[in-house]
> 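One structure, as structure tokens, below. Some questions next.
On a predicted model such as this, the values are computed, not experimentally measured, just so you know. Numbering of ligands and ligand atoms starts at 1, following listing order.
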Amino acid sequence: MIEANGKNFLMHGKKYSYALRVTETGFLQQLHYGGRVTEADLKYLIEIGETTAPHADMNMDMAFDRMLSEYGFYGRGDYREPTGIFERKDGASMSRLRYQSYRVEKGAPKIAGMPHVRKGDETLVITLKDDFSDIAVDLYYTVSDDTNVLVRNAVIRNTGAEPIMLKRAFSFRAQLPNGKYNMLRLAGTWGQERNPEIAPIAHGVTRLQSLMGCTSHNTNCFMGILKENCTEESGECVGVQLMYSGSYALTAEWCKNGALTLQGGICDTGFGWELAGGEEFVTPQALLTYSNEGLGGMSRGIHDFLRERVINPAHVYKRRPIVVNNWEATYFDFTEEKLYPIIDEASKLGIDTFVLDDGWFGKRDSDWSGLGDWTVNEKKLKGGLKALIDRCKKNGLKFGLWFEPEMVNEDSELYRAHPDWAIRKEGVEPCRSRQQLVLDFTRKEVVDHIYGVVSKVLKENEISYVKWDMNRNISEVYSAALPAHRQGEFMHRYILGVYDLAQRLMSAFPNVFFEGCASGGGRFDAGMLYYFPQIWTSDDTDGYERTKIQWGTSLCYPLSSMSCHVSVCPNHQTQRITPFDTRGNIASLGAFGYELDLSKMTDEEKALTKKQVESYKRTDELILKGDLYRLKSPYEKNYFCEMVVSKDKSEAYVVGERIHGIPCDYNQYVYLSGLDESAVYEIEELKIEASGKALYNAGLLLPKLSDFSSWRWHLKRKS
Ligand code: DGJ
């Protein structure tokens, strides 16, 4: 709900309020962001605000950095990180933005060419105008009564005739009052994506960012700001995440008066965007999620929001295909003869889709060649894709196919025909990460070409599933097609090209299910989820490592968005041996599948696979729609445990793992939060009946198991 009168603005979500006012000197001041307040409370909030607002009778230009101002400007008295920097023709870039007008619109704004929230109740748009340049900034706030997510972005307009260079164009600024906060970040590297780290926020600027052209394995575009006493189950926190998939920045800064300033958006390192007179620049949306139920409440709020309002509604709640993917089974070394046994076995085990990974096209016998040539390699696959698809159909399976649309090898027909389509700068030796170059997706003709060749494959073959990979970062940031003064636009234009291709393919093939991937989970963000309902979480499928990766990822992405496969042991990434059951149990907490040669499995493994698939079909509805409760963190002690509860609390699914056999750590309990306390539940595997209250207050004894062994419990409400 939005209450606005041109002087004060009060927005409410389910459990939060966000209050702003215009000071007597015309600045937009934030009065409150946190738990609910009422309109009547505005009076005293304004009185508090008055004490830090710049007044006309003082040297107001020196007072800005004490005020919780809604948009930080550069070079004029506000010495915190600016939200935007606007450089004029004469090189000047100081600015001072003041309130001009507001409007309230129904619903949520659509952003052409970029992922955006698909629905919302209403949107407040507040326009600020720069005193010193022709820049106007529209601040967007979309709220809905039934969520705790506030959607923010800014549209920067050049209202004059002369071009203005945007040197920074962040999406939002928000502030939290004086207090002690910790920051939760999701950090990692390839194979160890999104490990949560929680640390106190120190004085100065804390900045999370990616300069890689994608959101990266290293630091996800999410930061949690936790009040000192915030835990998994209780306390206040705010999750800040970007609906963006390119180079980004998120900052938290302590300012003089002790308020914490949060900002972020497109990464400004190397950024510059020329805004011609009359043009506007739309920044990506940011999602701010308030929780007074700890990190668990924050995650559940984000999961619901992404499922209900971001991920493609045509697919989000549909049963996910249970796939077998041939990558770890064969890598590049396959023929149809090697793949047929996998396909034949898959249908016997209840698997429904065979996904053919890298290596099916061009001269793709290794990662040195072929990328860009999206025509089937008939030397490897006699009878082409058709023969494989027929084999799948004969077995009642659907067929999925891997692409890496953004890439090219120098040894490819595409590169030989269009060397200038690869990102590189004449005279600079290109970085050949994984032996490949990145295509210049800032160029429309390149995106058009890739759309043409990929859609041809999709049109000519019965393909129900596409895995869209992206295996390297962007270097030599430069486009031969952009003039010198526009090179700073490269990174953002690149990701706009990716979004354009994704949107066109999604629109042309609405029934095809798209899975994202970036060398494992290197581009796992809310922007990608707008197009791809699930994303390959990590190349590390080890039954223990995955507890950590999935735990971290679940902090701000729903279980159904995480693609999770059972692979062989010793694990290809860690060499660790974990029980087959464990690999299945942990993978069942996401979009489930296999990544191995089914035909080489032992009979026992085959029987287990059949059981795992059957069991997954019992719980996949919970994974798609349920509420997640993280019960035991693998980062803290010797157990991992998570539970998903149906919205009506009639059933729940618990998966746990005991990491090491340590003497005497047996009498450990898990407390099942999230159940209906007044209901009685039956735990099928334990043959126990107990009330939701007892299961939470008295808990359940954790099983005594050996290294990396796991369990699952199905709970059903009896009364
Ligand atoms: C990286 C992905 O994460 C893998 O699953 C696989 O698709 C390879 N790329 C193929 O090159």
> Classify the side-chain pair T609/E605 by whether it contains a donor and acceptor separated by less than 3.5 Å.
no

> At less than 4.0 angstrom from any atom of ligand 1, which residues have a non-hydrogen atom? List them by chain and residue number.
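Close residues (ligand 1, cut-off 4.0 Å): W327, D357, D358, W402, R434, K467, D469, N471, C517, S519, G520, W536, D539.
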
> Begin from the C-alpha positions of R618 and E614 and carry the test salt bridge (charged side-chain N to carboxylate O under 4.0 Å, His left out) through to its verdict.
CA-CA 7 Å; R618 275 182 71 186; E614 273 160 22; over 6 Å; no

> Run F332 and W360 through ring pair (Phe, Tyr, Trp, His ring centres under 6.0 Å) and show every step you take.
CA-CA 8 Å; F332 292 110; W360 60 268; over 10 Å; no

> For a quick check under 3.5 Å, do D373 and T375 share a side-chain donor-acceptor pair by atom type?
no

> Report the relative orientation of the aromatic rings in Y594 and F580; use parallel for angles under 30°, tilted for 30 to 60°, perpendicular for over 60°.
parallel

> Report yes if some heavy atom in the side chain of L356 is under 4.5 Å from a heavy atom in the side chain of F334; otherwise report no.
yes

